[in-house]
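Not measured: the values here are computed from a predicted model. Chain letters run A, B, ... following the sequence lines, proteins first and then strands; every chain starts at 1.
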2 protein chains.
Amino acid sequence: MQKNKKRQIKKSRQILLDNNIPITKPRMLVLGILLKNEGPLKVEDIIKLSRGKLAVSSMYRIINNLKNLNLINEFQTLENTKMIELADVKDEHHHHIFCESCGAVYDFEVDSHIEKELEKEIIKIKSKYDIIVKSHSLELLGLCKTCRDK
Amino acid sequence: MQKNKKRQIKKSRQILLDNNIPITKPRMLVLGILLKNEGPLKVEDIIKLSRGKLAVSSMYRIINNLKNLNLINEFQTLENTKMIELADVKDEHHHHIFCESCGAVYDFEVDSHIEKELEKEIIKIKSKYDIIVKSHSLELLGLCKTCRDK
DNA sequence: TATTATTTGAGAATGATTCTCATTCCTGAA
DNA sequence: TTCAGGAATGAGAATCATTCTCAAATAATA
Ligand SMILES: [Mn+2]
Ligand SMILES: [Mn+2]
Ligand SMILES: [Zn+2]
Ligand SMILES: [Zn+2]
């Protein structure tokens, strides 16, 4: 576990170095939290997980920071709560499923062949709408097992 | 044009009747605005288009009203502004493309065969994640012609 | 038209996010 | 290693969207 933590610290530092922004305690803290919890987090969660070591205003500033560097994805839950997660590294790409009853969010990937198919289709859109498509997001809405069993 | 307006009024009234909620001036007004502008609107736009004939609080109440009846879709722009549009009627189904530069939002439909393909793929998700998928949303991010030309 | 429950309007209250600015912290040069 | 200058942070005020409250207006119904 200690090993893991060290690796995360190294990784956080590297991310900041790669992006030419100063290595500060608050930024290391936020990255550490995002690295440790791979799923998406609510702003509120990040605040809690930082256990008073981070001002709320700083947290928002840092998140916007990272967002501008395309280091994090942001999306909204069904109740319009903002959620944050580390961005996909190149190649990799994932989507989200929401349970419409309990609001849980799950990551998922589609088979690469359908992702390819999808992308082919998306490229056609350029000609139809005269828009060059840069990225896409697919979200599913459903009912998780726990909620179904109730 | 007058003809069109009358048709819209009739349609708005019918929507309210179908859903068993009282036909009131504010509700007719909001539905009229949503019917007239088929694209998605910001809350702010609806307020403007109602030209002082509608209290802000009422507008929010009515929107939530219609949302609970599944009569409208809601989504967020890139800048996290809420947008609203009349929901797809059965069968029909559409998606959105955002221009990441100017923020414009366009509706689009994917060819039915890929939509089918997509849905097939989505069904598999049930077994993988043990979630029954009810609906999906696909959003594209790109660059529109006007922005490209600049 | 009169009755009654529902809806509306106005503005207060709330909650999330941004802003401000004095203080603290990084970093690179000496 | 120390230090100076510029950038980042913390605390709380300000802003903005949305919800809440409740008295007054309105719609459905007979
Ligand atoms: Mn995710
Ligand atoms: Mn649309
Ligand atoms: Zn659930
Ligand atoms: Zn554009």
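- The stretch residues 71-83 of chain B touches DNA chain D through B:K82, each having a heavy atom within less than 4.0 Å of the strand.
- Residue A:N73 forms a side chain to side chain donor-acceptor pair (under 3.5 Å) with just one option from A:E85, A:K67, A:H96, and that option is A:E85.
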Worksheet item: What string of B, S and - do you get for nucleotides 21-30 of chain D 5' to 3' if you count protein non-hydrogen atoms under 4.0 Å?
Response: ------SS--
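- The CG-P distance, from A:L66 to D:dA8, rounds to 12 Å in whole Å.
- Contact check, B:N64 against D:dT19: a side-chain N or O comes under 4.0 Å of OP1 or OP2.
- In this entry the distance linking CD1 of A:I62 with P of C:dC25 reads 14 Å, nearest Å.
- Using cut-offs of 30° and 60° for the angle between ring planes, the B:H136 and B:H95 rings count as parallel.
- Of the N and O atoms on the side chains of B:Q8 and B:N4, not one donor lies less than 3.5 Å from an acceptor on the other residue.
- Distances shorter than 4.0 Å separate none of the side-chain N or O atoms of B:Y60 from OP1 or OP2 on D:dT19.
- Inter-residue side-chain proximity for B:F75 and B:S137 is flagged as unmet; no heavy-atom pair is nearer than 4.5 Å.
- Separating the NZ atom of A:K67 from the C1' atom of C:dT17 is a distance of 10 Å, rounded to the nearest angstrom.
- The number of heavy-atom neighbours closer than 6.0 Å to CZ of A:R13, taken from other residues, nucleotides and ligands shown, is 12 or below.
- In this structure, B:I63 atom CD1 and D:dA17 atom P are separated by 13 Å, rounded to whole Å.
- In this entry the distance linking CD1 of B:I47 with C1' of C:dA10 reads 13 Å, nearest Å.
- Following rounding to the nearest Å, A:L17 (CG) and C:dG28 (P) show an atom-to-atom distance of 10 Å.
- Counting only heavy atoms from C-beta outward, the side chains of A:I84 and A:P40 never approach each other to under 4.5 Å.
- Between B:I132 atom CD1 and A:I97 atom CD1 the span is 12.0 Å, to the nearest 0.5 Å.
- Spacing between atom NZ of B:K42 and atom C1' of D:dC16 amounts to 14 Å, rounded to whole angstrom units.
- Closest to the side chain of B:V56, from the set C:dT8, D:dG10, D:dT18, is D:dT18.
- Taking 4.5 Å as the limit, some side-chain heavy atom of B:I63 sits within range of a side-chain heavy atom of B:I46.
- In this structure, the CG atom of A:N20 is 12 Å from the P atom of C:dT27, given to the nearest Å.
- Remark: A:L138 CG to B:L138 CG distance equals 6.0 Å, nearest 0.5 Å.
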